[in-house]
Peer 1: 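Take this structure, written in structure tokens, and hold onto it; I'll ask about it next.
Reminder, nothing fancy here: chain letters follow the sequence lines and each chain counts from 1.
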2 protein chains.
Amino acid sequence: MSTAPTRQAAPRRATITDVAREAGTGKTSISRYLNGEMSVLSPELRARIEAAIERLDYQPNQMARGLKRGRNRLIGMLLADLTNPYTVEVLQGVEAACHALGLMPLICHAANEVEMERRYLQLLTTYRVEGVIVNALGVREETLRPVGGGGIPAVLVDRSVEGLVADIVGLDNRAAAELGTRHLLDGGFRDIWFVVQPFEQVSSRRLREAAFREAMAAHEATGAHAARGHTLVLDLADAQQAEQSLAALDRAIDASSEHPGVVGNAERVAVFAANAPVALRLALHLKARYGAGWQARVALLSIDDPDWAELTGVTTIRQPTYDIGYRAVEFLHERIEGVETGARDCLLPGELIVRASTSG
Amino acid sequence: MSTAPTRQAAPRRATITDVAREAGTGKTSISRYLNGEMSVLSPELRARIEAAIERLDYQPNQMARGLKRGRNRLIGMLLADLTNPYTVEVLQGVEAACHALGLMPLICHAANEVEMERRYLQLLTTYRVEGVIVNALGVREETLRPVGGGGIPAVLVDRSVEGLVADIVGLDNRAAAELGTRHLLDGGFRDIWFVVQPFEQVSSRRLREAAFREAMAAHEATGAHAARGHTLVLDLADAQQAEQSLAALDRAIDASSEHPGVVGNAERVAVFAANAPVALRLALHLKARYGAGWQARVALLSIDDPDWAELTGVTTIRQPTYDIGYRAVEFLHERIEGVETGARDCLLPGELIVRASTSG
DNA sequence: CTGTTAGCGCCTTCAC
DNA sequence: GTGAAGGCGCTAACAG
């Protein structure tokens, strides 16, 4: 009458067969029980199964189920950069939606390396994820080929991928950039610098920059006070380039005013950061150069609303990050379930949060 | 001679059987090829296999391999709170180590909800992960039971779990808290508030608080200038409680000095935040209450070194987060490979980064 | 209502 | 060197 083995070394997890034996029935009934087909089970059998499962601490093997059913409820989530708060916030929405839909996200962090991205993508297909949510680096369509037509369903977040037709959800970049630019213009700023990372590859950056220029041009056309707009490319991954860019900005600031603190917005340089990482880099640089009072010299405005914006009083345009993540999963889920509509765009609006930086 | 089907609807991924047929051989040889047993394959066959794989764009199904081999190279990573920059940084180390060791991390975010944590843990075992890295909430051992003895290998990050014996890697909390306290004491501060989230459940918080008190006591014993230490519990999840705590702090600050800006450290209140989320909450509150010049009133020091610390000139104790994540995976890997040593502790040192906040 | 029979895609003896 | 057969844990027809 040996009940429990004394040595608990590697107590191989109970399988469906074990449970069947324990309950004195066949595997089928167990399977039915697991899949909630209760109506087809006599209360008596059901009770026995319940007991057996309990006794053996049985938990069905998802891998095996997946293998058999051809769907494992796994989806991939490819992230370009987790140090960007935007990404983490989106992730929260993704997690929540996955949970609600019974999906399990496999999170992969490319850490801004294209090669990593490629490897992860391939790894994900190897695990037979049912779909992928991609917040891509500026990669080519070919890297994503397996994902697009004929491949596994994909939905893009924030940025599109050249040549790849897929659902995309993200900020309404045009509206957001315009909103910010207009806010600055309305505030009386006449010298506005739009600072953005190299944007050829990344659609959202491209769109923001273009919208900025258009908004400036539109303002020009109204004949209101003259204002000059500049686009400054800041490559956060290239120290050399970054230094140069920042130096150019410094020159503009130095030229704009010799009397910090007593100038109106018309004399103050406004800097419009295309996203939080850029804004942070700018703020750190400006503080290092102009001291704690740097904001008297420069008005910073940023797309994205990181922690420190409130703390430093920087005006921002907050993205509906949680919703972006949530919607992305919903879209993907629909695709997985077989929806065949053409590629959809889901553009969510940003929210302007005015703080001291642009009101001074 | 139909080569490619015109309709690419759902081109079921090629299986090992397809490849075998395409290469005109048996599945066994394909399997051998996949597992790198090249020496046992004639160059000729090997070439044919290579070609077939190429032609079919074949990628072995990890799930099936896992099912057969009993190991799927998946590990779970349970995170208490992704909004804490600490977590993200640790994650980077984890990702890197996984990559190096051929593991695939399944990342789960409990978002500070114990119930979520439980669910994810159960989900992870369901996917038959080979091990788990846990940055737990203040949960009971029972929740983690499946993980500990007899269950799947686990290694803890940052906090221990009561009653659970497992490897743990994290900051040397005692040394870090002592380092910070001494820095404050050396700076001449006489009124020091240690602010920490409810710490009964979380070992790292408990250790930091205890070390703080001990350091204060030790200072007392030296007979140097008198200094008072207070522990303030700040529950970030409870608005009511938080308000009260902050009010208590405010009273202390108000009492300490009526002449902001002209006081030395002896008159200035020092606040030692047990981690970044606490520090942020404090900074936001203090700024709201005392305005942009709040740092003239209060000296803030924090364990953790978030983005905004440099920007606002706050002194910090930086944790070796990347290494923590990396080591955690290494430990886990060893366990997976069968290492049976007793539970190990890996305590890594923090680094004091002195900024303006504590030098004024 | 319940059990039996085939596989899902892959690896692993064990023969040829 | 190579291939056929069996089984990992589970589900999905089919019978009873």
Side-chain angles (χ1 to χ4, degrees), chain A residues 10-50 52-53 56-74 123 125-130 152, chain B residues 10-50 52-53 56-74 123 125-130 152:
Chain A
R12 192 184 49 75
R13 277 212 152 281
T15 79
I16 199 174
T17 311
D18 299 330
V19 180
R21 192 183 330 107
E22 181 79 13
T25 176
K27 302 194 293 180
T28 311
S29 296
I30 311 298
S31 177
R32 290 201 176 105
Y33 176 88
L34 294 177
N35 293 296
E37 301 172 37
M38 299 307 183
S39 53
V40 220
L41 292 176
S42 70
E44 194 271 334
L45 212 205
R46 182 177 157 178
R48 261 160 50 217
I49 293 178
E50 224 141 41
I53 287 182
L56 269 43
D57 185 29
Y58 169 70
Q59 290 180 259
N61 182 330
Q62 284 296 343
M63 297 309 177
R65 310 181 87 166
L67 186 58
K68 181 66 195 170
R69 298 214 260 224
R71 48 171 16 195
N72 53 20
R73 312 282 60 195
L74 253 32
L123 203 56
T125 78
T126 254
Y127 276 101
R128 295 297 186 271
V129 294
E130 296 183 38
I152 63 180
Chain B
R12 191 184 51 73
R13 279 214 150 280
T15 79
I16 200 174
T17 311
D18 300 329
V19 180
R21 193 182 329 104
E22 181 79 13
T25 176
K27 302 194 292 181
T28 312
S29 297
I30 310 299
S31 178
R32 291 201 175 106
Y33 176 87
L34 294 177
N35 292 296
E37 300 173 38
M38 300 307 183
S39 52
V40 220
L41 292 175
S42 70
E44 195 270 335
L45 212 204
R46 181 176 157 180
R48 260 160 51 214
I49 293 178
E50 224 141 41
I53 288 181
L56 269 43
D57 186 30
Y58 169 70
Q59 291 181 259
N61 182 330
Q62 283 297 343
M63 297 308 177
R65 309 182 86 166
L67 186 58
K68 184 67 197 171
R69 297 213 265 225
R71 49 174 12 197
N72 53 20
R73 311 283 62 194
L74 252 32
L123 202 55
T125 76
T126 255
Y127 276 102
R128 295 298 186 270
V129 293
E130 297 184 37
I152 63 180

Peer 1: For the pair B/N72 (side chain) and A/Y127 (backbone), establish whether a donor and an acceptor sit closer than 3.5 Å, ignoring hydrogens and angles.
Peer 2: no

Peer 1: Can you give me the closest heavy-atom contact between A/D18 and A/T15, atom names plus distance?
Peer 2: OD2-N, 2.8 Å

Peer 1: Expressed in angstrom and rounded to an integer, what is the separation of B/R71 atom CZ from D/dG9 atom P?
Peer 2: 16 Å

Peer 1: Base, sugar-phosphate or nothing for B/L41? Non-hydrogen atoms, less than 4.0 Å.
Peer 2: sugar-phosphate

Peer 1: Whole Å only: how far is the CZ atom of A/R73 from the P atom of D/dC10?
Peer 2: 18 Å

Peer 1: Could you say whether B/S42 or B/L67 is positioned toward the 5' end of DNA chain D, judged by the nucleotide with the nearest heavy atom to each?
Peer 2: B/S42

Peer 1: What is the distance, to the nearest angstrom, from the CZ atom on A/R21 to the P atom on D/dG9?
Peer 2: 11 Å

Peer 1: As a test of your reading of the structure, name each stem of DNA chain D as range with range, where a stem is three or more consecutive Watson-Crick or G-U pairs at under 3.5 Å.
Peer 2: C:1-4 with D:13-16, C:6-16 with D:1-11

Peer 1: Select from B/T28 and B/R69 the residue whose nearest nucleotide in DNA chain D is closer to the 5' end of that strand.
Peer 2: B/T28

Peer 1: Toward the 5' end of DNA chain C, which comes first, A/K27 or A/S39, by nearest nucleotide?
Peer 2: A/S39

Peer 1: Using a heavy-atom cut-off of 4.0 Å across all strands, would you classify A/T15 as base, sugar-phosphate, or nothing?
Peer 2: sugar-phosphate

Peer 1: Regarding B/Y33, tell me which of base, sugar-phosphate or nothing describes its non-hydrogen contacts under 4.0 Å with the strands shown.
Peer 2: nothing

Peer 1: Would you check if the side chain of B/Q62 reaches a backbone N or O of A/R128 as a donor-acceptor pair within less than 3.5 Å?
Peer 2: no

Peer 1: For A/I16 and A/S31, work out which heavy atoms get closest and say how close.
Peer 2: CD1-N, 3.9 Å

Peer 1: What I want to check is whether an N or O donor and acceptor connect the side chain of B/K68 with the base of D/dG7 at under 3.5 Å.
Peer 2: yes

Peer 1: Please determine, for the side chain of A/S29, which listed nucleotide (C/dG3, C/dC10, D/dC10) has the closest atom?
Peer 2: C/dG3

Peer 1: Tell me: CG of B/N72 to C1' of C/dG9, nearest whole Å?
Peer 2: 15 Å

Peer 1: Would you mind reading off the distance between A/E37 atom CD and C/dG3 atom P, rounded to a whole angstrom?
Peer 2: 14 Å

Peer 1: Between C/dT5 and D/dG6, how far is it from one C1' atom to the other, in whole Å?
Peer 2: 15 Å

Peer 1: Please report the interatomic distance CZ(A/R48) to OH(A/Y33), rounded to the nearest 0.5 Å.
Peer 2: 13.5 Å

Peer 1: Testing the basics here: between B/S29 and B/L45, what is the closest heavy-atom pair and its distance to 0.1 Å?
Peer 2: OG-CD1, 3.7 Å

Peer 1: Measure CZ/A/R32 against P/C/dT4 and give the value in whole Å, please.
Peer 2: 12 Å

Peer 1: In whole angstrom, give the distance that lies between atom CG of A/N61 and atom P of D/dC10.
Peer 2: 6 Å

Peer 1: Has A/N61 got a side-chain atom pairing as donor or acceptor with A/M63's backbone, closer than 3.5 angstrom?
Peer 2: yes

Peer 1: B/L45 has an atom CG; how far is it from atom C1' of D/dG1, in whole Å?
Peer 2: 8 Å

